[in-house]
Protein chains: 2
Amino acid sequence: MREFTPAELAFVKEFKADELHVDAGASFLREGASSEHLYTVLSGWAFRYKMLDDGRRQILNYALPADMVGLQGTLMHEMEHSVEALTPVTLCVFPRSKLWDLYAHFPSLAFDITWLAAREEQLIDENLVNLGRRSALERTAYLLLHLFVRADEAGLVKNGTIQFPFTQQHLADTLGMSLVHTNKTLKRLLLATNAIRWKDRVFEMTNRSLLVEIAGQDVTPRQSRPFI
Amino acid sequence: MREFTPAELAFVKEFKADELHVDAGASFLREGASSEHLYTVLSGWAFRYKMLDDGRRQILNYALPADMVGLQGTLMHEMEHSVEALTPVTLCVFPRSKLWDLYAHFPSLAFDITWLAAREEQLIDENLVNLGRRSALERTAYLLLHLFVRADEAGLVKNGTIQFPFTQQHLADTLGMSLVHTNKTLKRLLLATNAIRWKDRVFEMTNRSLLVEIAGQDVTPRQSRPFI
DNA sequence: CGGGTTCTTGACTAGTTTCAAGCAAAGTGG
DNA sequence: CCACTTTGCTTGAAACTAGTCAAGAACCCG
């Protein structure tokens, strides 16, 4: 992450109106609502999702510490997706009203926000390829790889191991598959290959290169990124 | 689209380094390349896509007049997707080097760029839900609705009719389905419902509300948008 | 120790891909 | 102007993949 100038730092400090704690399972941004705020995740996992009228849910992406959510709602009239806390989450709150000041006076920060938006788009693009063009097994392997790398970037991996807050239902809703089929695919991945371990909310990649081979493509971590 | 101030207008004019013509079928931005330029589509259709190593292709989204492509490649080190002209396309070229000047001196334009990025994200989000959670029939109906509305926004619809440049392979690669199944689904949509007509590259929506009913959700057009 | 949520499994059904072949329209070159 | 090739569309059958239903096991929490 790049260094701030003192002026930027002062502004960002003031920009940060508040800190917000959200319980696991609570949606703090909702589709259809016009959001007054923009958030940066300081700790915990959240996910962006959309629901269809009949209850089908699609998880679009996950947000980890240093990720920003709610920009769409701030720029457009209303949110087109919801965001739910997967674990207890701490958020940094930016009032929408100050976003314009930021653009007017701190172009470097404005640039960073655009960077973050472009990065988010990149992640969804990858997810889209995953759903559209990969088989269930490849898809699942790729998602796990993706989540592992992102958790690693956020510093959540400790000796090859992460605290993994997902239920299989979450993965199913991310992968666009049914719960049952996700379970069976996961089992195939676990037993047949032994490339991963996942038990009691703890996830471990025991054979990364094998997982990469199954996924058909590696996921490379970001070198640097802005943090606002 | 909002009005520019004279100063903005002057800058944008100068910013526009060049105009570029691309033949149908040519990829003018490529995954893995570091792009020196940012483009705005002035006329024609293009599409963003990603390829897997074995040749599978996923189309991520389409770009119509007034849409911007290549922002990711300008901000990041390299492009993570390619862009191909679907019809002959006219592009407006912005040199990457001037993007920073734009942010520094024209915050309103910077804001517009962020708006466009957020809008693009919104579209991919919708596409993701479509692939992940809708059946083949719903999915196809929704895509056609989506394309029709966007073409309409861009002023390409003339008495309920558009020049439709897609092959069924394009739709298949957008929908994440095989060509054969796309063909059969399309036929089901055509015959069983009579909600659309598509022949000789000309597309017509003969029964919009029925199509909406099949898709399970309507697509509402944008009211206003920036254009750079 | 319940009672709820999550995970697991098998059997059955529905949806989708693959393969293969034929057709139609458009484009190319002798 | 007519073979000939190419590209895109269409169709049926067979094989495979994924979803649904149902029920039981395991786990977690108060």
Side-chain angles (χ1 to χ4, degrees), chain A residues 23-26 47 52 54-59 84 86-88 130-141 143-144 163-192 196-203 214 216, chain B residues 23-26 47 52 54-59 84 86-87 130-144 163-192 196-203 214 216:
Chain A
D23 290 338
F47 60 91
L52 299 184
D54 59 2
R56 284 177 282 183
R57 175 175 76 170
Q58 176 65 44
I59 295 182
E84 178 177 323
L86 188 55
T87 64
N130 213 25
L131 293 216
R133 285 295 175 235
R134 274 196 260 258
S135 72
L137 193 69
E138 295 172 317
R139 204 188 295 189
T140 307
L143 176 62
L144 291 173
Q163 208 59 31
F164 225 44
F166 314 101
T167 64
Q168 295 187 359
Q169 185 67 65
H170 288 120
L171 295 194
D173 286 348
T174 311
L175 294 167
M177 313 191 321
S178 71
L179 173 61
V180 173
H181 195 230
T182 302
N183 178 282
K184 285 171 181 171
T185 306
L186 230 28
K187 194 189 174 192
R188 216 159 27 120
L189 211 52
L190 251 99
L191 296 186
I196 58 168
R197 211 167 291 162
W198 184 15
K199 201 129 216 295
D200 303 327
R201 299 280 126 111
V202 174
F203 179 85
I214 296 167
Chain B
D23 290 338
F47 61 90
L52 299 185
D54 60 3
R56 284 175 283 183
R57 175 176 76 170
Q58 177 65 44
I59 294 182
E84 178 177 326
L86 188 54
T87 64
N130 213 24
L131 293 216
R133 286 295 176 233
R134 275 196 260 258
S135 72
L137 192 68
E138 296 172 315
R139 205 188 295 189
T140 306
Y142 189 86
L143 177 62
L144 291 172
Q163 209 57 32
F164 226 44
F166 314 102
T167 65
Q168 294 187 359
Q169 185 68 64
H170 288 119
L171 295 194
D173 286 348
T174 311
L175 294 166
M177 313 191 320
S178 72
L179 173 61
V180 173
H181 195 229
T182 302
N183 178 283
K184 286 171 182 171
T185 306
L186 230 29
K187 193 189 175 194
R188 216 159 29 120
L189 210 54
L190 252 99
L191 297 185
I196 58 169
R197 211 168 292 160
W198 183 15
K199 201 136 215 292
D200 301 326
R201 298 278 127 112
V202 174
F203 179 85
I214 295 167

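Keep in mind that this is a model prediction, so the values were computed, not measured. Protein chains get the first letters and strands the later ones, always in sequence-line order, with residue 1 at the start of each.
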Taking the side chain of [X] as heavy atoms from C-beta outward, which of [options] is closest to it?
X	options	result
B:Met177	C:dT17, C:dC7, D:dT20	C:dT17
A:His181	D:dG8, C:dT16, D:dA18	D:dA18
B:Gln168	C:dT6, D:dA22, D:dC9	D:dC9
A:Asn183	D:dG19, C:dC7, D:dG12	C:dC7
A:Arg201	C:dT9, C:dT6, C:dA20	C:dT6

Counting distance alone, no hydrogens or angles: does the base of D:dG12 have a donor or acceptor under 3.5 Å from a partner atom on the side chain of B:Lys184?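 Present.
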
From A:Leu144, A:Asn183, A:Ile59, A:Thr140, residue fulfilling side-chain contact (heavy atoms from CB on, under 4.5 Å) relative to A:Leu171: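 Testing each of A:Leu144, A:Asn183, A:Ile59, A:Thr140 against A:Leu171, the sole residue satisfying side-chain contact (heavy atoms from CB on, under 4.5 Å) is A:Leu144.
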
Which of these, B:Leu191, B:Leu189, B:Thr185, sits in a side-chain contact (heavy atoms from CB on, under 4.5 Å) with B:Lys187?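 Of the listed residues B:Leu191, B:Leu189, B:Thr185, the side-chain contact (heavy atoms from CB on, under 4.5 Å) partner of B:Lys187 is B:Leu191.
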
Whichever of B:Ser178 and B:Asp200 has its nearest DNA chain C nucleotide further upstream toward 5':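 First, find each residue's nearest nucleotide; the 5'-ward one identifies B:Ser178.
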
For B:Tyr142, is the NZ or CZ atom of B:Arg134 found under 6.0 angstrom from the centre of its six-membered ring and inside 45 degrees of the ring axis?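 Flagged: B:Arg134 positioned over aromatic ring of B:Tyr142.
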
Starting from the 5' end of DNA chain D, give me the residue, A:Ser135 or B:Gln169, whose nearest nucleotide shows up first.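 The 5'-side residue here is B:Gln169.
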
Name the residue closer to the 5' end of DNA chain D, choosing between A:Ala136 and B:Trp198 according to the nucleotide with the nearest heavy atom.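 In this pair, the answer is B:Trp198.
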
Carboxylate-amine/guanidinium contact A:Arg133 B:Asp173, below 4.0 Å: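 So A:Arg133 pairs with B:Asp173 through a salt bridge.
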
Round to a whole Å and report the spacing from [atom1] of [X] to [atom2] of [N].
X	N	atom1	atom2	answer
A:Arg133	C:dT17	CZ	P	8 Å
B:Arg56	C:dT17	CZ	P	12 Å
B:Arg188	D:dT11	CZ	C1'	15 Å
A:Arg139	D:dT17	CZ	C1'	11 Å
B:Asp173	C:dT17	CG	P	11 Å
B:Leu179	D:dG12	CG	P	16 Å
B:Leu137	C:dG15	CG	P	11 Å
B:Lys199	D:dT10	NZ	P	8 Å

B:Gly132 to A:Leu131 - nearest heavy-atom pair and separation: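 Looks like CA-CD1, 3.6 Å.
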
Less than 4.0 angstrom between a side-chain N/O of B:Lys187 and OP1 or OP2 of D:dT11, yes or no?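 Yes.
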
